[in-house]
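Please read the structure below before turning to the comments.
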There are 2 protein chains.
Amino acid sequence: MTVVAAAANAHSHAFHRVLRGRTHGEGGSFWTWRDFMYRAAATLDPDLYRDLAEAVFGEMLIAGYTAVGEFHYVHHRPDGTPYTDPNAMGAALAAAAESVGIRLTLLDTCYLASAPGAALLPEQARFGDGTSAAWLDRWHALAPLASDLVTIGAAVHSVRAVSPEGIGEIIMGLPSDVPLHIHLSEQPAENAQSLATFGRTPTGVLAEAGALSSRLSVVHATHLVDDDIATLGSAGVTAVICPTTEADLGDGVGPARALADAGAVIAIGSDQHVVIDPFLEVRGLEAGERLRSLARGRFTPAELEAARTDGGFRSLGVADHARDTITLDAASVRTAGAAPDQLAYAATAADVREVAVRGVVVARDGLLADGRDPARMLRAAIAKIDARLEESG
Amino acid sequence: MTVVAAAANAHSHAFHRVLRGRTHGEGGSFWTWRDFMYRAAATLDPDLYRDLAEAVFGEMLIAGYTAVGEFHYVHHRPDGTPYTDPNAMGAALAAAAESVGIRLTLLDTCYLASAPGAALLPEQARFGDGTSAAWLDRWHALAPLASDLVTIGAAVHSVRAVSPEGIGEIIMGLPSDVPLHIHLSEQPAENAQSLATFGRTPTGVLAEAGALSSRLSVVHATHLVDDDIATLGSAGVTAVICPTTEADLGDGVGPARALADAGAVIAIGSDQHVVIDPFLEVRGLEAGERLRSLARGRFTPAELEAARTDGGFRSLGVADHARDTITLDAASVRTAGAAPDQLAYAATAADVREVAVRGVVVARDGLLADGRDPARMLRAAIAKIDARLEESG
């Protein structure tokens with residue numbers, strides 16, 4: 001057994017877990033995926049959102065992630081009207097995290113438009129708050145959810161979903177130390193749209209809005225141009241790379257090495273949860289770099305370790321993670337023979353024997369410390385979603 | 001639990017397993033890897049080769065591979081002189097397969113030159129037989145190793161290692177139904193060298209030598225030009241893609257979809273055993289295609305299933321695999337929610353509960369049917385190699 005630092009999952013949409021292994025048939029295009037994603041979102045209410053998040057956060061915890069950044073935009077009822085508590089859905093996520101014992105940074109997300117200048121689509125109605133100001137009002141009401149495990153962060157969905165002026169208002173309205181995340185240049189179409197509408201790349205829009213600083217995390221950052229890389233790097237942002245998702249969605253391989261060389265911090269996220277496994281995620285990061293460059297050794301073992309751990313905790317505003325640990329089986333069929341500093345190139349989440357938060361064991365041998373089984377929790381939550389999908393046709 | 005077809009591992013160098021998690025430090029270049037690979041090869045004798053292969057074949061079996069194509073070139077003593085039985089090393093592999101109960105196609109490999117017209121390097125001396133004719137003589141003496149589990153196949157290392165004339169002699173000297181494998185265009189340098197020396201791509205060299213037919217498997221096929229794809233496809237070869245190895249070595253992503261469209265059969269191989277997991281291998285195949293094309297759904301679930309199973313068995317000359325099965329946990333933390341025909345997008349080898357060959361259970365819950373633990377076998381074999389590496393400095 002070898003004790004290593006716990007991992008931080010800097011980008012999650014918990015409800016996407018229900019898509020795993022379900023969107024590859026019948027063509028399996030991006031649109032198959034997107035259609036199912038919206039249908040799944042439509043089934044959620046605070047109780048089911050909590051049940052599903054509890055299960056998914058449980059899967060993360062037994063895999064060795066002790067912190068998750070939940071990029072949360074399923075705010076309101078399906079028709080867009082608020083719940084009695086306008087933060088009922090965020091509270092459901094906080095309750096889920098407290099229940100399983102994972103650290104949550106609640107990245108409450110401002111999502112106002114389906115494209116620059118275009119209203120939200122009907123299936124996006126529940127994501128919207130109307131204006132940046134209204135979103136900021138709701139955001140300020142989240143403070144009571146903060147706890148030893150829960151940090152309140154913020155997010156802008158993308159430069160597609162919030163105008164440059166709206167982003168500027170958010171920067172002015174948020175305390176300067178709050179973790180702020182944004183999806184950035186995930187697909188080439190976003191760049192083209194941004195250039196056509198704003199005359200700037202998405203990175204340029206963020207720079208102009210005053211959004212670039214070391215508290216900002218840019219998620220994906222796949223399709224950057226050279227200026228973008230220097231701009232992001234010199235601002236000291238965190239780039240949250242989501243290798244298994246970016247492969248699944250055919251996004252492409254982003255310039256992670258170049259971003260790191262320019263000064264950005266690298267973190268990882270499991271995003272849509274094709275896989276929940278920090279070791280497969282960092283191997284995907286390095287594999288993408290090797291396939292892009294046709295060379296080995298793009299990140300050193302220590303750099304990959306930092307991406308799996310410190311980079312993510314920094315992105316999520318979690319400072320006290322020194323005693324968050326994973327006890328790994330270093331003599332399993334997968335890890336036998338690996339050098340101690342290169343275990344991450346051999347292990348999978350199946351090699352995680354114990355996970356501790358602040359030195360307290362929270363998971364052991366695939367179960368939560370209280371004996372609950374995330375596999376069982378997942379089956380129950382997904383069955384409820386399936387029943388609602390069935391009802392809705 | 002869900003029963004699915006067992007997987008076939010169409011390309012293996014068993015002894016490379018000792019490299020896992022050991023070649024990424026200190027720069028981690030291709031040369032780091034290659035140097036360690038040759039040093040590990042130098043430690044092997046028939047007994048240790050059998051012990052290591054037994055452990056690695058055991059790891060394959062519990063992961064759901066019921067057949068392996070061992071691309072075997074560690075033939076002679078380190079200085080190149082034959083063992084008393086010139087096929088002692090091949091016999092060690094056959095004994096290893098019989099011991100654990102995996103099907104082995106022994107792809108005894110002709111490896112004569114370090115580059116076109118250049119002698120083998122000192123560290124390659126044990127791979128060589130001097131001439132194609134001498135290799136053929138030794139190959140014909142392998143027949144007694146054939147059994148219910150062991151099929152005798154053949155391989156040419158590459159167009160770098162055997163001349164076009166030598167390949168022609170091998171084609172003439174081998175029975176026409178013997179599975180024949182070759183490394184093809186793994187890296188751009190091989191193409192450049194082939195064009196410079198022979199005026200043809202490696203595929204062109206094979207075509208000219210009369211090597212192209214449906215009994216041929218080309219391994220990697222990463223750097224093909226358009227004519228190559230049509231040529232290989234119309235010959236009905238099998239393309240053995242090794243996604244986790246090709247990522248680890250920075251080979252690049254080959255044109256698997258285009259090869260399939262042109263008429264080639266697709267199979268998978270774990271090659272250097274960065275990972276021994278047929279599900280991660282087929283996901284790597286599809287991920288590479290998606291990253292190359294920036295589109296989802298490049299292979300259908302049924303096509304990936306065929307690559308994991310039928311394509312590999314065909315490549316290895318194994319026909320009677322109908323009752324080779326894997327019993328998968330379809331309700332684990334990884335697989336919960338996945339559609340039955342899309343389990344391969346969610347499962348890992350850790351979800352394999354039972355493996356059967358011809359209907360007889362040979363592995364269960366990570367152990368061989370007789371109770372042996374491949375993890376323990378790996379640790380013991382790798383410790384012996386480490387001791388010899390230590391001795392040799």
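These numbers come from a predicted model, not from an experiment. Computation of the quantities below employed the complete heavy-atom set of this structure, encompassing side-chain atoms and omitting hydrogens, waters and symmetry-equivalent molecules. Protein chains get the first letters and strands the later ones, always in sequence-line order, with residue 1 at the start of each.
At a 4.5 Å heavy-atom cutoff, A/Trp31 makes no contact with chain B through either its backbone or its side chain. For A/Arg298, no part sits under 4.5 Å from any heavy atom of chain B, backbone or side chain. Neither the backbone nor the side chain of A/Thr244 comes within less than 4.5 Å of any heavy atom of chain B. Residue contact with chain B, scored on non-hydrogen atoms closer than 4.5 Å, involves the backbone and the side chain of A/Leu249 alike. Looking at A/Val18, there are no atoms closer than 4.5 Å to chain B (heavy atoms on both sides), in backbone or side chain. For a residue to count as touching a neighbouring chain, one of its non-hydrogen atoms must lie under 4.5 Å from one of that chain's; by this rule A/Ala331 touches chain B with backbone and side chain alike. With a 4.5 Å cut-off on non-hydrogen atoms, A/Leu280 touches chain B through its side chain but not through its backbone. Using a 4.5 Å cut-off between heavy atoms, A/Ile62 contacts chain B through its side chain alone, with no backbone atom that close. Looking at A/Ser29, the atoms closer than 4.5 Å to chain B (heavy atoms on both sides) all sit in the backbone: N, CA, C or O. For A/Gln187, no part lies near chain B; criterion is any non-hydrogen pair under 4.5 Å.
Counting heavy atoms of neighbouring residues, nucleotides and ligands inside a 6.0 Å radius, atom CZ of A/Arg376 does not exceed 12 of them.
By the side chain to side chain donor-acceptor pair (under 3.5 Å) test, A/Asp373 is found to be paired with no residue, residues two or more places apart in sequence or in another chain being considered.
Inter-residue side-chain proximity for A/Val275 and B/Arg334 is flagged as unmet; no heavy-atom pair is nearer than 4.5 Å. When side chains are defined from C-beta on, A/His24 does not count as touching B/Glu286, because their heavy atoms never get closer than 4.5 Å.
With hydrogens and angles disregarded, no donor-acceptor distance shorter than 3.5 Å links the side chain of B/Arg22 to the backbone of A/Ala338. For the pair B/Arg290 (side chain) and A/Asp248 (backbone), a donor-acceptor distance under 3.5 Å is present.
For the atom pair B/His223 NE2 and A/Leu294 CG, the distance stands at 5.5 Å (nearest 0.5 Å). A distance of 8.0 Å separates OG1 of B/Thr348 from CG of A/Asp277, quoted to the nearest 0.5 Å.
Highest contact tally toward chain A, considering only B/Ile385, B/Thr23, B/Ile276, is held by B/Thr23 [criterion: heavy-atom pairs under 4.5 Å]. Among the candidates B/Ala339, B/Ala383, B/Ala349, the residue making the largest number of heavy-atom pairs closer than 4.5 Å to chain A is B/Ala339. Contact count versus chain A (heavy atoms, under 4.5 Å) is highest, among B/Arg17, B/Arg379, B/Arg296, for B/Arg296. In terms of heavy-atom pairs under 4.5 Å with chain B, the best-connected choice from A/Ala346, A/Ala302, A/Pro301 is A/Pro301. The residue among B/Pro188, B/Gly252, B/Ala350, B/Ala344 with the most heavy atom pairs within less than 4.5 Å of chain A is B/Gly252.
Contact record, A/Ala375 with B/Val333: CB-N, 3.4 Å, taken as the closest heavy-atom pair.
Applying the side-chain hydrogen bond (donor to acceptor under 3.5 Å, both in side chains) definition to pairs two or more places apart or across chains, those involving residues 335-345 of chain B are B/Ser332-B/Thr335.
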>> Please evaluate residues A/Leu291 and B/Arg292 with respect to the criterion side chain to side chain contact (heavy atoms under 4.5 Å, CB included), reporting the C-alpha separation (whole Å), side-chain torsions for both, the decisive distance (0.1 Å), and the verdict.
In response: CA-CA 10 Å; A/Leu291 290 171; B/Arg292 192 182 155 100; over 6 Å; no
